[in-house]
Amino acid sequence: MERRRIASLRGRGLTIREIAGLLGRAPSTVSRELRRNSRPHNYGRYDADLAHHRGRERAGRPRRSKLSTDPDLKAEVQSKLDMEWSPEQIAAHLRPAGPTVLSGTSVTRPSTEPSTKVPRAA
C-alpha cells in the first residue's frame with residue numbers, strides 16, 4: 001500500500017522530502033526505495049507493483065518461526081493457550097525462562113507452514 005502511495009505522489013511531482021513527510025518516513029527511506037526500484041528501462045519511473053515484486057525477491061526465503069523449530073517451546077505455548085492465557089502473558093512468562101525471545105505477536109501470528117500453526121483453544 002505504501003509503495004502505491006509513493007508511486008502516486010512521485011507521479012504528481014512531489015519531492016522525496018515531501019513524500020517522506022506525508023508518509024511519516026525518513027527521506028533516506030523513500031530515496032532508497034526509489035533508487036532500488038526505478039530502472040532506466042522503466043524510463044526512470046517508479047512502478048509500485050514491480051517494486052513489490054523486486055522487494056519480495058530480494059527478501060529471499062521467509063524465516064521459520066521459533067514455534068515451528070522448537071517443539072518444547074510450542075508445547076509450552078500451547079499449554080498456556082489451553083489455560084486461556086493471552087499472548088502477551090505467555091511472552092512475559094517466557095522472558096525470564098531463557099534466551100528465547102518471543103513476542104505476543106509471535107504467539108498469535110500464523111506460521112507459514114500449516115502443520116506448525118498453534119491453534120487457539122476453543
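We number each residue from 1, following the sequence as shown. Just so you know, these numbers come straight off a predicted model, no measurement behind them.
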**Prompt:** Looking at residues at least two apart in the chain, or sitting in another chain, which of them share a side chain to side chain contact (heavy atoms under 4.5 Å, CB included) with R10?
**Reply:** I16, I19, L34
**Request:** Measure the spacing between CZ of R4 and CG of L9 and express it to the nearest 0.5 Å.
**Result:** 14.0 Å
**Message:** I'd like to check the side chain to side chain donor-acceptor pair (under 3.5 Å) partners of E33; sequence neighbours left out, ordered by chain and number.
**Reply:** R3, N37, Y46
**Message:** Would E57 and H53 count as a side chain to side chain donor-acceptor pair (under 3.5 Å) here? Give the steps.
**Reply:** CA-CA 6 Å; E57 282 184 340; H53 176 73; 3.0 Å; yes
**Request:** Nearest 0.5 Å please: distance from the CZ atom of R25 over to the CZ atom of R5.
**Result:** 11.5 Å
**Neighbour count >12 (heavy atoms, 6.0 Å) for atom CZ, R56** = no
**Asked** In Å, rounded to the nearest 0.5 Å, how long is the span from NE2 of H93 to OG of S86?
**Response** 12.5 Å
**Request:** For residues K80 and L94, determine if any side-chain heavy atom of one lies less than 4.5 Å from a side-chain heavy atom of the other.
**Result:** no
**Request:** Assess whether atom CZ of R17 is packed by more than 12 heavy atoms of other residues, nucleotides or ligands within 6.0 Å.
**Result:** no
**Request:** Indicate yes or no: at least one non-hydrogen side-chain atom of R32 is less than 4.5 angstrom from one of T29.
**Result:** yes
**Asked** Could you give the distance from CG (L81) to CD (Q89), rounded to the nearest 0.5 Å?
**Response** 10.5 Å
